[in-house]
Structure formats: C-alpha cells, structure tokens
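Below is one structure, written out as structure tokens; comments come after it.
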Amino acid sequence: MNAPEASLTAVGDAGAGAGDCFHCGLPVPPETRFHVVVDGAGRRLCCHGCEAVAQAIVAAGLTDYYRHRTTISRRAEDLVPEQLRGMELYDRTDLQQSFVRAEAGGTVREASLILEGIVCAACVWLNERHVGAIPGVLEFRVNYSTHRAHLRWDDARVQLSTVLKAIAAIGYVAHPFDPGRQEALLKRERSKALRRVAVAALGSMQVMMLAVGMYAGSWYGMDEEWRHFFRWISLVIALPTVAYAGAPFFSAALRDLRNRRLGMDVPIVLAVVLATIASVWYTIFGGGEVYYDSVTMFIFFLLSARFLEMGARHRAAQVSEELTRILPATATRIGPGGDEVVPVAELAAGDEVRVRPGETIPADGSVLDGASSVDESLLTGESLPQARTVGDAVIGGSVNVESPLRVRVERVGADSVLSSIVRLLDRAQSEKPRIAALADRIAGHFVAVLLLVSLLVWAWWWQHEPARAFPIVLAILVVTCPCALGLATPAAITAATGALTRIGLLTTRGHALETLARATHVVFDKTGTLTIGRLRLVDTVAVRAGLTAEEALELAAALECGSEHPVGQAIVDAARGTRRALDLRNTPGHGVEGTIDGRVYRIGKPAAAAEPPQASDAEASTWVVLADAEGTLAWLRFADRLRPDAPETVGRLRAAGLEVWLLSGDRPAAVAAIAAEAGIAHAEGGLLPADKLARIEALQQGGAVVAMVGDGINDAPVLAAASVSIAMGSGTQLAHASADMILLSSGLGHLVDGVTTARRTLAIIRQNLAWSIGYNVLAVPAAAAGWIAPWLSAIGMSASSLLVVVNALRLRARRRA
C-alpha cells in the first residue's frame with residue numbers, strides 16, 4: 001500500500017468504523033452500493049449525495065481534501081471543499097448581472113458557460129444528457145466548436161451552482177462565459193495538444209527505428225541478447241510516451257466508464273492498454289511479439305488527426321469568437337463634468353457616449369447628435385458603410401467611419417443585438433438536425449457492436465491460429481475507431497453556419513440548413529421583405545394653372561414639417577424647401593391644415609368622389625391631395641419601392657428549382673404590381689394572417705417544403721408554421737423569435753446563397769456519413785482477415801477522420817448559385 005492510500009485508509013478508519021461512509025462517516029446501510037474510487041482504491045459511501053460530492057471532489061482534482069483532514073466533521077458545510085463551495089457565489093444576483101439574462105415576468109434564466117474538458121462529440125452528448133436530466137433545467141446545449149454551453153433554467157427550482165456542481169461531478173469544469181478567458185483556454189488547449197503531438201512524434205520515431213532493426217534482424221538474423229536489449233530500450237521510450245501523450249484518451253475513457261457508457265475513447269484505450277500490457281509481458285518474460293511501434297504510432301496519428309480537427313474547429317468557429325470580441329474595452333461617457341473614459345461593462349441604458357471616427361460603438365443606442373456612416377459588415381455582412389443621422393439606431397460593435405457621433409445607450413449586455421446574435425448562433429451550432437441525430441444514434445451503438453465483433457473474431461482466431469488472434473483484434477480496435485462518424489455532422493454544421501454568418505444570414509435553429517436544402521417553395525411577404533418597407537414620393541402632379549410641381553411639393557412639405565406619419569416623412573424627405581406653415585391643425589384620418597403666407601392650405605386624403613390623374617393606378621399607389629379654399633392644387637403619389645436586387649433574387653431562386661410565391665395583406669392591385677416587377681407568377685393580396693397561414697398549410701399538405709420570408713408581427717404565426725422560416729433583420733423581435741434564420745443583411749441575394757450552402761451542407765454530411773460507414777464496412781473484414789497490420793490500421797483511422805474534417809471545410813468557400 002502506498003502512502004496516499006495508507007493515509008486515506010487511516011482517515012476512513014479514524015472517522016468511523018470500517019463499515020462507515022468514507023465521505024461523511026455515517027453508517028452505510030447494508031444494501032447500499034454507492035462508492036467512489038480515490039487514488040485507485042474503492043471507498044463505500046452511504047447515499048447518492050455523498051457519492052455526487054465525492055465524485056465531484058475527485059473529478060476536480062481535490063483529493064487532498066481527504067488526505068489532509070484529521071477527522072470527519074458532522075457539519076454539512078465542512079463536507080464540501082472550499083473550491084466547490086465557491087460555485088455557490090454564482091447564485092448571487094449581483095454576480096449574475098454580468099452574464100445571466102432573465103426572461104421578463106418569471107424566474108427563467110439564461111446563461112452562457114464555458115466547458116473545460118470537452119475532447120469529442122461524445123463529451124457533448126454526455127453533458128447535454130446529464131445536465132438536461134436535472135429538475136429545473138429547461139434547456140442545455142453545448143457548442144462543440146467553441147466549447148460554449150447555453151443553459152436555460154428555472155431559478156425557482158434549481159440553482160446555477162447546482163448545475164455547475166453536476167457538471168463537475170462527471171469530470172468537466174464549467175464557468176461563466178468570458179471572451180478573454182475563453183481565448184486563453186483555446187490557446188492553452190492548442191499548446192497542450194501540440195506538446196503531446198511532439199512527444200508522441202519523437203517517441204514513435206525512436207521506437208520505430210528500433211523496430212526496424214528488429215524487423216531486419218528477423219529477416220537477416222539477430223542475436224537474442226540484442227533483440228532483448230532493443231525490446232527493453234523500446235519499453236523505456238514507449239511507456240512515458242504512452243502515459244503522457246495518451247493521457248487525454250485515458251481520462252476520457254475512465255470518465256465514460258464511470259458514467260456507464262461506451263464512448264469512442266473506450267476502444268482506443270482498450271487497444272492501447274492491451275497492446276502495451278502484452279508488449280511489457282513479452283519483454284520481461286520473453287516470447288511473442290511486441291507492439292511498442294504500433295502503440296506509439298497509433299497515439300501519434302490519433303493525436304495528429306485530433307490536432308488538425310481542433311484547428312479546423314477553431315477556424316470554423318472564428319465568426320462566433322470575432323463577434324464576442326468586437327466590443328471595445330472602454331467607452332467615452334458624457335457626464336456632468338465632461339467626458340470620462342469608463343469600462344464598457346459600466347455603461348447603462350440612458351447614458352450618453354461620444355464615438356469618434358474610427359472608434360467602435362460600445363452599445364446599442366440612437367444618435368443624438370451628428371451625422372456619419374457606420375461599418376456593420378461584421379454584424380450584417382453589408383459591405384458598404386450605412387448612413388446614420390439624428391434619431392437613427394446604431395448597433396454596438398459597428399464602427400463609426402466619418403464624423404463624431406453622440407449616442408444615447410439603450411441596450412447593454414445580454415439585451416444587446418450583438419449578444420442576441422451570439423446566442424442564436426450558438427443555438428444553431430449546438431442544435432442537431434435529424435440527420436445528425438441519426439448519426440449520434442449510430443455512433444452510440446457502434447462501440448458496443450465493435451467490442452462484440454472484436455470478441456467474436458478473437459474467439460475464432462484463437463481456435464484456428466492462436467498466435468495471430470491478438471494482433472488481429474488489436475488491428476480491429478484501432479482501424480474502426482468511430483472518430484470520423486462522430487465528426488461527420490458537427491464539422492459540417494459548424495463550417496456552414498460560420499460561412500453564412502459572414503454574409504449576414506444567421507442560422508438560429510439546428511434543423512434550418514437541412515430543411516432549407518429540401519425546400520420546394522419560397523413564400524415572400526411584401527412590405528419590408530420584397531420592398532423597402534417605407535413609402536416614397538414617386539410623382540407630384542400640379543393641376544392648378546401657374547403652379548409647378550416643385551412649388552406644390554414645397555407647400556406640402558411646409559404643412560408636413562414635424563409630422564411622424566410615413567406619408568408626411570416621405571414628403572419632407574423629397575422636398576428641398578425651407579418654408580414653414582403657421583397654425584397647424586391635424587385632423588386624424590383626414591390630414592393637416594395650416595397657414596402659409598396668409599393663405600390656408602390643406603393636405604390629406606382625397607374626397608370620395610375625387611379621382612387621381614391616373615385612375616387606373618389608384619389602387620396600386622397611395623394618393624394624397626394638396627388643396628386651398630378654392631379647390632385642388634396638386635396630387636402626390638406614393639408607393640413602396642421594390643428592393644433593387646429582388647428581381648435577380650427571384651430569378652436565381654427559380655433557376656435553383658424553387659417555386660416563388662408572394663402572399664401579402666396589402667391591396668391586391670399593389671401586390672400584383674410588385675409581383676409583376678419582381679417576376680413572381682403567383683401572388684395574392686388582401687390576406688389576413690389567418691389566410692396566409694391557411695395558404696402555407698395547404699401547400700404543406702400537398703407535399704411542399706415551404707421556406708417563408710417575412711418581417712412583421714403579423715408574419716410571426718406564418719413563420720412559425722412554415723417548414724423553415726427566414727426573418728428580415730429589420731423586422732420585429734417577435735418575427736426573429738419565430739424564425740429559423742435571420743437575414744441581417746439588406747441584400748435578398750444572400751437567400752440564394754443560403755439555399756446553395758444548405759444543399760451543399762446536406763450533401764457533405766451525407767458524404768461524410770457514407771464514407772465513415774463505408775470505411776468501417778471495408779476495414780472490419782480486412783482487419784478480421786488479418787490483412788491489416790496494427791500500425792497500418794492507425795494510419796487508416798487517422799486518415800479517415802482527417803478526410804471528414806477537410807471535406808466539411810469546403811463549406812467555408814462561398815459559391816454563387
């Protein structure tokens with residue numbers, strides 16, 4: 001018995017009798033089977049609570065708590081180490097303000113966490129399943145690419161610290177998301193992985209040189225003393241290499257077994273341990289073959305593949321990481337005493353900040369003073385800066401380009417547009433489409449089948465040719481490692497969502513790409529979707545002799561100056577005059593009346609009997625009349641403007657094999673005019689939200705897969721009912737919440753890019769799954785027949801995983817449909 005075990009045993013005996021709980025010292029009921037392994041020794045426990053805490057202590061590397069205690073306390077607070085009790089700090093409301101978002105009117109909370117210890121897709125599955133089973137946890141998703149988790153829980157039923165301790169209990173470490181800390185963790189992960197690869201490479205090269213000598217000796221002849229010497233040198237080199245470079249596989253496999261599941265690291269460790277034990281046995285006692293070269297090469301190739309996959313995962317998740325880092329560290333707040341530089345975290349709604357040219361806007365807000373343009377390319381994919389003036393909204397994270405701006409802060413922290421984008425992107429990358437769920441189910445049973453097949457193959461060879469049984473089983477365990485199967489879907493989904501986010505098409509649901517790839521119909525709303533969503537003056541027709549159109553427009557602008565009505569704003573925007581009206585009187589539903597140069601004028605809706613100059617266009621446009629006491633002076637025509645790229649987008653969608661519809665609540669004539677201009681054959685106007693919903697459901701009942709594009713509150717039910725829904729970035733928050741994708745960019749053409757990328761993503765996922773399954777179908781019989789040596793199986797397994805990752809990274813290249 002070594003010293004640590006002796007001290008542990010002494011402590012356990014000193015605290016109580018031999019049949020007492022190792023953790024709390026209370027008697028263990030006879031039928032209880034709770035236990036924990038501390039420093040290799042099993043310890044009996046009295047209850048599930050002691051087991052959970054003891055496992056958390058072991059998983060967090062805090063076993064010194066047991067080594068150094070002199071007696072077992074009866075106080076509950078003393079039975080948990082200080083490091084674990086520190087998690088309870090995260091339950092404090094003041095501490096949660098920086099990273100927890102509370103849903104309005106309830107006890108539901110949301111938070112982003114970083115998970116340390118994630119090494120493969122199986123780790124994600126284990127965490128999601130374990131945490132999701134905690135009462136009060138409403139949602140828990142892990143983004144495999146960034147190792148970030150989205151947690152949604154009912155604070156009245158479960159505390160955040162309880163969730164953190166539950167994660168620690170299965171061997172992982174979770175803490176609130178912090179961009180700086182995550183970047184440091186990613187660097188540390190890369191540094192550790194690189195060191196392990198280097199050690200494995202050096203060790204495998206040295207062992208391989210010795211193995212070549214022994215292979216040559218077997219062919220040309222070698223004294224047994226030299227062979228024995230080479231084996232011992234190989235042992236001295238291989239054991240430290242396997243222990244250090246293979247540590248991540250050992251810890252992951254032990255964690256899987258402790259949680260009663262067969263992860264993909266289990267067959268890896270089984271192959272390494274069996275080969276190493278057999279090699280050590282034959283080295284000490286003689287006889288048989290040694291596999292030091294195969295074991296070290298296997299670990300080297302596996303670490304190399306995972307290192308390359310880690311680099312690809314980091315690059316694919318680069319968009320999400322860039323978004324979390326674009327806010328500045330400080331901002332210039334305007335206070336009573338003048339400007340002061342403060343941390344961005346101290347800003348609150350209502351503060352005023354000064355943003356100089358070239359600086360990043362620190363929070364969401366509106367412009368109080370100044371006119372400039374802002375670069376929103378990283379957020380929306382817009383390549384050109386967008387003009388912003390007094391009253392316009394600005395987004396935190398965008399860059400002021402030209403002139404100073406004074407901005408009122410309106411949203412900060414978790415309520416900002418940037419935070420919502422990051423949350424939606426994380427949700428999309430962590431949710432799994434149906435094809436991914438199928439892959440997970442296959443991978444979940446694959447290891448058990450692999451172990452059964454290996455046992456049957458060993459039994460057959462042991463009966464027919466015992467000397468070949470072990471190397472053949474070893475080759476099977478190595479060549480069929482299910483890493484490629486586990487990477488097939490997450491690698492493709494992460495690469496695709498990252499590529500689409502760069503062009504301003506944010507994927508917010510995991511199934512969106514798969515469903516969009518199968519879409520047969522694209523249904524557009526009109527106002528704010530196919531059109532800009534703002535009325536503009538398109539014609540001014542003067543009917544009074546001696547009055548020009550420019551003069552009529554100047555009179556109309558004088559009456560509408562200060563109006564908040566869309567028609568009034570469109571008139572003011574179109575006019576250049578500076579005249580002002582006096583004694584303004586607004587009659588809702590009829591118009592505005594005022595005095596200009598001593599004469600009374602009125603602008604508003606025409607009388608029922610009055611007809612505009614172009615009567616045939618009356619229903620497709622909005623007309624208002626300018627008049628005085630003597631009668632009509634001029635007619636002004638307004639219309640919404642079609643987005644410039646709408647006709648091209650419709651054409652590209654039709655060329656891609658999609659049927660395009662237009663459903664709107666606007667006047668049928670206006671809808672028909674827009675549809676004709678955009679090139680849409682099937683258009684309906686005058687529809688209520690229920691009517692739109694009925695049209696969508698009718699299409700779906702006929703077998704159509706409908707992609708709905710809309711922007712308003714009245715579109716929310718239709719967006720929710722569609723097979724896949726896309727909300728305009730300028731639309732309402734309710735539309736965003738109902739949508740599967742959000743078009744942050746104003747360019748409709750990115751919808752076609754989305755369809756193209758979705759189809760490529762589904763194709764690549766199928767290619768990856770087909771390759772992974774096909775590879776194993778071919779590799780297992782070949783290895784079982786003895787055609788593949790263990791060292792060659794290591795190369796094949798690594799090449800298989802690498803091929804899947806490289807194939808997925810092709811999605812990062814943008815293709816135009």
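As the structure is a computational prediction, the values presented were derived from the model and not from experiment.
- Rounding to the nearest 0.5 angstrom, the gap separating the CG atom in Leu516 from the CZ atom in Arg518 is 10.0 Å.
- Nearest heavy atom pair, residue Ala245 against residue Leu303, reads O-CD1, 3.5 Å.
- Of the options Val163, Leu138, Ile167, a side-chain contact (heavy atoms from CB on, under 4.5 Å) to Leu151 is made by Val163 and by none of the others.
- Considering every non-hydrogen atom in both Val295 and Ala275, the closest pair reads CG2-CB, 3.3 Å.
- A heavy-atom distance below 4.5 Å is found between the side chains of Phe300 and Val197.
- Note that CD1 of Ile134 and CH2 of Trp153 are 12.0 Å apart. Values are rounded to the nearest 0.5 Å.
- In this structure a side-chain-to-backbone donor-acceptor pair under 3.5 Å is missing from Thr757 to Gly754.
- For the pair Ala512 and Val724, the tightest heavy-atom approach, listed with the atom from each and the gap, is O-CG2, 3.9 Å.
- A donor-acceptor pair under 3.5 Å is absent between the side-chain atoms of Asp154 and the main chain of Gly136, judged by distance alone.
- The minimum heavy-atom distance between Ala156 and Thr107, with the atom names listed, is CB-OG1, 3.8 Å.
- Taking every heavy atom of both residues into account, Ala200 and Thr241 meet most closely at CA-CG2, 3.9 Å.
- Between Ala496 and Thr761, the closest heavy-atom pair is CB-OG1, 3.1 Å.
- With rounding to the nearest 0.5 angstrom, the CG atom of Leu115 is 5.0 Å from the CZ atom of Phe140.
- Distance alone, capped at 3.5 Å, is enough to place a donor-acceptor pair between the Glu128 side chain and the Val142 backbone.
- Looking at heavy atoms from C-beta onward, Val272 lies out of side-chain contact with Phe249 at the 4.5 angstrom threshold.
- For the pair Glu514 and Ile765, the minimum side-chain heavy-atom distance is 4.5 Å or more.
- At least one side-chain heavy atom of Leu500 sits less than 4.5 Å from a side-chain heavy atom of Leu513.
- Figure legend: cation-pi geometry between Arg196 and Tyr244, with NZ or CZ positioned under 6.0 Å from the six-membered ring centre and within 45° of its axis.
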